[in-house]
Enquirer: 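I have a structure here, written as structure tokens, and I will follow up with some questions on it.
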Amino acid sequence: MRYVNKFCVLAPVNVIDFFIFARYCEKMPELKLDSQIQYLKGVGPRRAASLAGVGIITVYDLLQYLPRRYLDRSMIVPIGALQANMEVTIVGRVLGKGILRGRRSRLEVVLGDDTGIIALIWFAGYRYLEKMFTKDDIYAATGTVSYYQQRQIVHPEMERIEDEESRLIHTGRIVPVYPSTAELKKAGVTSRLMRGIISRALEMMSGRLVDYLPERYLAEPNLCPLPDAIQQIHYPDDMDSKDRARTRLAFDELLSLQYMILQNRKERKRVSKAHTYHPPGDIVKRFTETLPFTLTEDQQTAAGKILSDMQSDRPMHRLLQGDVGCGKTVVALAASVYAAENNLQTAFMAPTEILAEQHFQSWREVLEKLDIPAALLTGSIGKAEREQIERRIADGTVDIVFGTHAVISESVQFAALGLVVIDEQHRFGVLQRGKLITKGTRPDTLVMTATPIPRTLALTLYGDLDISSVKTMPPGRQTTRTVWRTANSRPEIYSYLKERIQEKEQVFIIYPLVEKSEKLDLQAAEDEYKRLKKEVFADCRVGLVHGRTKKDKREKTLADFRAGKIDVLVATTVIEVGIDIPSATIMVIEHAERFGLSQLHQLRGRVGRGEKRGTTIAIAVPPLSDLAKKRLNMFQASTDGFKIAEADLELRGPGEFFGTRQHGLPELRVANLVVDSWLLPITRKIVTELLRDDKELDREDSNLLSCLRQMSGNRRDLSRFG
Ligand code: ADP
Ligand code: MG
């Protein structure tokens with residue numbers, strides 16, 4: 001009942017509100033967790049629709065919509081006490097505003113409290129912003145104080161605050177700030193409105209929420225009960241309670257993730273596959289004999305494991321991991337060849353067309369010698385040719401199909417799909433991986449990744465897979481030399497490159513490409529290509545490839561580069577995954593500050609694959625954040641993929657978009673895999689016990705299990721996982 005008291009303070013119900021409130025209570029005497037929120041006061045059909053857009057449909061979803069941050073008096077700094085470089089939240093009244101024209105036009109808003117005033121400055125979007133501010137409105141502003149003729153905060157994050165709330169803050173309340181999207185704003189769903197409807201929902205649910213987690217599981221990780229967690233995550237008594245609440249919710253999220261992974265694994269172990277294997281004949285041996293090198297011990301061990309998995313009557317689900325350049329492809333090819341020997345087809349999937357093309361080009365001949373027909377199937381292949389290839393896949397004349405996700409499109413039917421290889425698995429969406437694995441008659445699956453991850457994380461990500469590692473590099477491989485420089489070193493770098501090119505070395509110059517700014521990035525790469533070709537490397541042969549380059553052109557450029565007919569290859573990050581051109585020895589990474597650490601490491605793995613030692617030069621364009629500098633220093637200091645990956649995880653602090661796509665991680669709402677990694681083994685243990693076949697479950701445990709089952713059905717985002 002203590003909640004109710006609090007909400008009287010937080011959401012004072014005036015007379016009219018009260019009537020509406022009472023009416024809805026009547027209409028919905030039993031507000032349940034799965035009740036639609038549209039009947040909550042303050043919501044209505046239009047807002048309900050836009051809330052549905054961010055996944056809030058039921059009261060349960062609403063209570064799971066967590067504050068982005070909190071306004072806490074203890075964290076609010078009096079304006080009079082501000083000093084340059086402080087990162088602060090301040091609360092004050094708008095005293096004045098104006099657009100100042102000049103060399104850099106800007107909006108200036110003056111905010112004041114009892115102790116002083118400060119200027120808030122915007123250089124971008126100020127015409128729109130200017131209208132937003134009204135004199136005497138109260139705002140919380142968060143940002144870094146700087147000094148330029150006066151104390152100011154440039155581009156602060158703003159949160160409008162009602163008088164009422166400002167009083168709450170000043171009496172020591174912690175006020176939640178909810179995330180908002182453009183669409184929500186358009187429908188009038190502000191953080192303030194969210195506060196209103198969430199506190200009403202909390203109030204109406206108070207005393208009726210039950211914890212589904214048996215009490216005995218709370219003790220060891222010191223978790224708070226679920227009803228408290230839900231209350232405290234929205235309206236914490238203090239920051240400690242908020243942290244405990246968050247931990248509890250993170251625990252629940254990881255618990256249901258573990259359930260999905262382990263349940264998946266269990267189901268897979270139960271089914272038997274439709275195909276059988278003969279013991280290996282001589283074809284795998286002949287395959288390895290055609291190679292210009294002998295397999296390393298790790299490669300042999302991995303291949304042996306895989307071949308014996310394939311002979312088992314349960315489908316294989318194995319992960320082959322190893323640092324970039326260690327030679328995973330050939331291991332997967334050995335498995336594909338073994339499948340072909342048994343008249344079974346292989347779908348060999350790569351995350352980019354370029355990589356699929358490369359695999360096809362480099363293995364076709366070897367495979368032909370062994371009488372194993374292969375084909376390439378990507379989105380760029382014309383309709384007629386595609387249909388023809390699909391026919392050959394359907395009638396079984398093609399044994400190995402190299403491709404991108406086009407391979408999993410509905411129209412492709414395999415005569416006898418026995419093996420699915422997923423190269424660079426971390427680049428595939430979780431959804432695609434799931435879809436691929438389910439295709440066909442329970443094929444064996446081999447996934448490969450060059451992103452080494454700490455063990456606890458591996459268990460989360462790949463908890464449903466058996467794992468093999470290739471730890472050693474092929475003999476004779478030297479580590480790549482790495483340096484990072486700032487942009488003003490470009491002239492020296494260019495003359496160094498020209499020297500190396502004289503010595504017949506080949507150079508990659510890489511430009512970043514991110515989805516968010518893809519168009520701009522492509523343009524930048526094209527412009528730079530033109531500039532380099534004309535102004536810098538006029539005497540050299542310069543080529544360009546990126547994801548939008550037409551297939552024929554792309555293949556030709558890469559073939560020319562491979563054949564030494566191109567000296568400098570300008571490329572976007574499409575090169576990052578898998579590209580194998582042993583003669584390339586130098587890589588220049590432009591705008592290196594925009595890359596993640598693991599991504600830089602992947603890129604670097606592209607050079608120095610031949611006899612000559614590789615060199616990587618990362619060029620960073622200031623201003624550089626401390627974090628970017630740390631990343632670059634680490635990149636320069638270490639070539640150990642594992643160390644790099646761990647540092648990468650550490651440097652990506654909580655709250656930051658956790659490279660979900662990079663690592664193939666499921667989107668997690670609350671849990672942070674760095675901060676909460678200690679919960680992984682605990683949740684794993686609980687779920688393992690629950691799923692044990694011989695385990696007699698008591699009432700509490702079977703209730704927990706059925707809740708987990710239900711949740712895994714509901715969680716759209718997580719249920720794709722696996
Ligand atoms: P990754 O594991 O990053 O996918 P690749 O499979 O592309 O690495 O192999 C990298 C390079 O190493 C290729 O040029 C490949 O031919 C070569 N390679 C693989 N295994 C060996 C080996 N045992 N000895 C020598 N070179 C090898
Ligand atoms: Mg590879």
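In each ligand, atom 1 is the first atom listed, and ligand 1 is the first ligand listed.
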Enquirer: Which atoms form the tightest heavy-atom contact between Ala350 and Ala356, and what is the distance?
Expert: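 That closest heavy-atom pairing would be CB-N, 3.7 Å.
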Enquirer: Who's closest to atom 17 (C) of ligand 1 heavy-atom-wise, of Arg609, Arg477, His359?
Expert: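 The residue whose heavy atom sits nearest atom 17 (C) of ligand 1 is Arg477.
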Enquirer: Only heavy atoms of Val324, strictly under 4.0 Å: list the atoms of ligand 1 that pass.
Expert: 3 (O)
Enquirer: For Gly325, is at least one N or O under 3.5 Å away from an N or O on ligand 1?
Expert: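 Min N/O separation from ligand 1 is below 3.5 Å for Gly325.
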Enquirer: Under 4.0 Å, heavy atoms only, figure out whether ligand 1 is touched by the backbone of Thr296, its side chain, both or neither.
Expert: both
Enquirer: Return the minimal non-hydrogen interatomic distance between Thr404 and Thr378, and the atom names on each side.
Expert: OG1-CA, 3.9 Å
Enquirer: Hey, does Thr294 sit under 4.0 Å from ligand 1 if you only count heavy atoms?
Expert: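 Under 4.0 Å: yes for Thr294.
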Enquirer: With heavy atoms only and a cut-off of under 4.0 Å, state how Asp423 meets ligand 1: side chain, backbone, both or neither.
Expert: neither
Enquirer: Identify, by atom number and element, the atoms of ligand 1 in contact range of Gly327, meaning under 4.0 Å from any of its heavy atoms.
Expert: 1 (P), 2 (O), 5 (P), 6 (O), 8 (O), 9 (O), 19 (C)
Enquirer: Check for me whether Gly322 has a heavy atom closer than 4.0 Å to any atom of ligand 1.
Expert: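 The answer is no, since Gly322 has no heavy atom less than 4.0 Å from ligand 1.
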Enquirer: Could you check whether the rings of Trp363 and Phe287 sit parallel, tilted or perpendicular, using 30° and 60° as the cut-offs?
Expert: tilted
Enquirer: Under 6.0 Å between ring centres: does that hold for Phe561 and Phe508?
Expert: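 They qualify: ring centres under 6.0 Å apart.
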Enquirer: With a 4.0 Å cut-off on heavy atoms, does Cys326 reach ligand 1?
Expert: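 Under 4.0 Å: yes for Cys326.
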Enquirer: Ion pair present between Asp309 and Lys305, side-chain N to carboxylate O less than 4.0 angstrom?
Expert: no
Enquirer: Check each of Thr472, Thr329, Val331 against atom 4 (O) of ligand 1 and report the one with the nearest heavy atom.
Expert: Thr329
Enquirer: Which bit of Leu295 gets closer than 4.0 Å to ligand 1, counting heavy atoms only: side chain, backbone, both or neither?
Expert: backbone
Enquirer: Report the part of Gln299 in contact with ligand 1, treating N, CA, C, O as backbone and CB onward as side chain, heavy atoms under 4.0 Å; options are side chain, backbone, both, neither.
Expert: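 Looking at Gln299 and ligand 1, just side chain atoms fall under 4.0 Å.
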Enquirer: Of all heavy-atom pairs between Asp423 and His359, which one has the smallest distance, and what is that distance?
Expert: OD2-NE2, 2.8 Å
Enquirer: Do the side chains of Glu289 and Lys285 get close enough for a salt bridge, i.e. N-O under 4.0 angstrom?
Expert: yes
Enquirer: Do Arg490 and Glu590 meet the salt-bridge criterion of a basic N to acidic O distance under 4.0 Å?
Expert: yes
Enquirer: Does Gln358 approach ligand 1 within less than 4.0 angstrom via side chain, backbone, both or neither, non-hydrogen atoms only?
Expert: neither
Enquirer: Please indicate whether Glu297 has more than 12 foreign heavy atoms, meaning atoms of other residues, nucleotides or ligands, lying under 6.0 Å from its CD.
Expert: no
